[in-house]
Amino acid sequence: MNSIRIAAAQAPEFRENVEAALDYACGIAARAEAEGVALVVFPEGFLQGYLTDEPSARRVALDLASAEFAAVLDRLPKSGPVLVIRLIEIDGGRLFNTAGVVERGVLLGRYRKTHLLRGERAFEAGKDSPLFAIGALRYGINICYDTNFPEAAAKVAASGASLILCLSNNMMPREKAERFKQLHNAVRGERCRETGLWLISSDVTGERDGRIAWGPTAVLSPEGQVVAQLPPEEPGLLVFDFPCIAPVGYRV
């Protein structure tokens, strides 16, 4: 069976430190390229931090048509895997929680988070679920809370994908993190079983201000089973040989 090597970064948080985040991304990309990886997923909040209050989000937001964002793209490798990086986007004064798909320093497209938490009122909800491809691999994107809604995964399946990339940030108060520790994969597994899709998730790790992140960074099969997962308390790169299967032909 033909396969394509994909990976998910379990990364520390970078809050309002784009330079450090880019340095980290370049290091991960170099490691991934050396291991023959074609696609790397980074966590929600990776580039500027998971900042949800409007003043902070506006302060760091990037217009994807700006020279500032062009400089970000220029810092990224000009060879190696496609990188899927979450950023705070501003467009016409509106803020979005966005995943950018970047190949060799070129922005291929974006996905804007569709389902927003109450604490994410600074952002506007996206409407589209674009399809992306690397060779025979077809994939779509959900961002964290999206996976609580069957319709978000269903849109990815209906687009012709066989894989969901799930960019997450589960830096939570310790007691809440403990309650949710086993629930993230359980919920994502439901989406896989409903749609017949694979899923790979990427999350942050570490502790901050009484909060802790336990991921998970994992790969789930269409049966909803965890087939690969990183240890929850240290940075790492989860590498997985994904079978290049035909789209499931799902319709909403």
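Fair warning: this is a prediction, and the values are worked out from it, not measured in the lab.
- L87 and V18 fall within the same hydrophobic cluster, where Ile, Leu, Val, Met, Phe, Trp and Tyr residues are linked whenever their side-chain heavy atoms come under 4.5 Å apart, directly or through other members.
- The shortest heavy-atom contact between C192 and L220 is SG-CB, 3.9 Å.
- Through direct or relayed side-chain contacts under 4.5 Å between Ile, Leu, Val, Met, Phe, Trp and Tyr, L183 connects to M172, F180.
- In the displayed structure, K127 atom NZ is contacted under 6.0 Å by at most 12 heavy atoms of other residues, nucleotides or ligands.
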Side-chain donor/acceptor pairs under 3.5 Å, residues 35-43, sequence neighbours excluded:
{"residue": "E35", "atom": "OE2", "partner": "R31", "partner atom": "NE", "Å": "3.3"}

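- Between A161 and G140, the shortest heavy-atom contact is CB-N, 3.9 Å.
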Worksheet item: Going through the distances and angles, do I200 and L165 end up as a side chain to side chain contact (heavy atoms under 4.5 Å, CB included)?
Response: CA-CA 5 Å; I200 185 168; L165 311 186; 3.6 Å; yes
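- In the hydrophobic clustering of ILVMFWY residues, with side-chain heavy atoms under 4.5 Å counting as a link, Y24 and L62 come out together.
- Using modelled atom types and a 3.5 Å distance limit, the side chains of R86 and S202 yield no donor-acceptor pair.
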Practice prompt. Begin from the C-alpha positions of I90 and R58 and carry the test side chain to side chain contact (heavy atoms under 4.5 Å, CB included) through to its verdict.
Written response: CA-CA 8 Å; I90 189 165; R58 285 194 179 278; 3.6 Å; yes
Discussion item. As a quick check of understanding, evaluate side chain to side chain contact (heavy atoms under 4.5 Å, CB included) for R188 and C166, giving each step before the final call.
Written reply: CA-CA 9 Å; R188 294 165 189 171; C166 177; 3.8 Å; yes
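- Note on M171 and I85: separate hydrophobic clusters, where clusters join Ile, Leu, Val, Met, Phe, Trp and Tyr whose side-chain heavy atoms are under 4.5 Å apart, directly or indirectly.
- R5 contributes no side-chain N or O that, together with a main-chain N or O of D241, makes up a donor-acceptor pair within less than 3.5 Å.
- Between F123 and E89 the shortest side-chain heavy-atom distance does not fall below 4.5 Å.
- Residues R75 and K78 share a closest heavy-atom pair of N-NZ, 4.4 Å.
- Shortest non-hydrogen contact noted between C26 and P77 is SG-CD, 4.0 Å.
- The CG atom of N148 sits 9.5 Å away from atom NE2 of H184, with the distance rounded to the nearest 0.5 Å.
- For R191 (side chain) and T147 (main-chain N/O), a donor-acceptor pair under 3.5 Å exists by modelled atom type.
- Here the closest non-hydrogen pair linking A8 and S201 is CB-O, 3.4 Å.
- Transitive grouping of hydrophobic side chains (ILVMFWY, heavy atoms separated by less than 4.5 Å) keeps V60 and L22 in distinct clusters.
- D128 meets the side chain to side chain contact (heavy atoms under 4.5 Å, CB included) test with P130; sequence neighbours excluded.
- Checked by atom type and distance alone, the side chain of S168 never pairs as donor or acceptor with a backbone atom of N170 at under 3.5 Å.
- Side-chain contact between V219 and F242: absent, with no pair of heavy atoms (C-beta onward) separated by less than 4.5 Å.
- Remark: L167 CG to K113 NZ distance equals 10.0 Å, nearest 0.5 Å.
- Between the CD atom in E103 and the CG atom in L108 there is a gap of 5.0 Å [rounded to 0.5 Å].
- Atom CG of L163 is separated from atom CH2 of W198 by 9.5 Å, given to the nearest 0.5 angstrom.
- Aromatic ring pairs are classed by plane angle as parallel below 30°, tilted from 30° to 60° and perpendicular above 60°; the pair F14 and F46 is perpendicular.
- For the pair L51 and R15, the minimum side-chain heavy-atom distance is below 4.5 Å.
- Separation of atoms CG (N97) and OG1 (T114) is listed at 10.0 Å; rounding is to 0.5 Å.
- Using a cutoff of 4.0 Å between basic side-chain nitrogens and carboxylate oxygens, D91 and R112 are scored as salt-bridged.
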Worksheet item: For I6 and L137, what are the C-alpha separation, side-chain angles and deciding distance, and is it a side chain to side chain contact (heavy atoms under 4.5 Å, CB included)?
Response: CA-CA 10 Å; I6 61 176; L137 171 62; 4.0 Å; yes
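- For residues 149-171, the ring-ring contact (aromatic ring centres under 6.0 Å, His included) pairs, not counting sequence neighbours, are H115-F149, Y145-F149.
- Residues in residues 157-174 take part in these salt bridge (Lys or Arg N to Asp or Glu O under 4.0 Å) pairs, two or more places apart or across chains: R174-E207.
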Pairs under 3.5 angstrom only: tabulate donor-acceptor contacts from the side chains of residues 227-239 to other protein residues two or more places apart or in another chain.
{"residue": "Q229", "atom": "OE1", "partner": "N185", "partner atom": "ND2", "Å": "2.9"}
{"residue": "E233", "atom": "OE2", "partner": "W214", "partner atom": "NE1", "Å": "3.0"}

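- The CZ atom of R59 sits 9.5 Å away from the CD1 atom of I88 when rounded to the nearest 0.5 Å.
- Under a hydrophobic clustering in which Ile, Leu, Val, Met, Phe, Trp and Tyr are joined whenever their side-chain heavy atoms come within less than 4.5 Å, directly or via other members, L83 and Y111 fall into different clusters.
- Scanning both residues, S129 and V156, for their nearest heavy atoms gives OG-CG2, 3.6 Å.
- Within the 3.5 Å criterion, the main-chain N or O of I164 finds no donor-acceptor partner in the side chain of N142.
- Inter-residue side-chain proximity for E175 and E178 is flagged as unmet; no heavy-atom pair is nearer than 4.5 Å.
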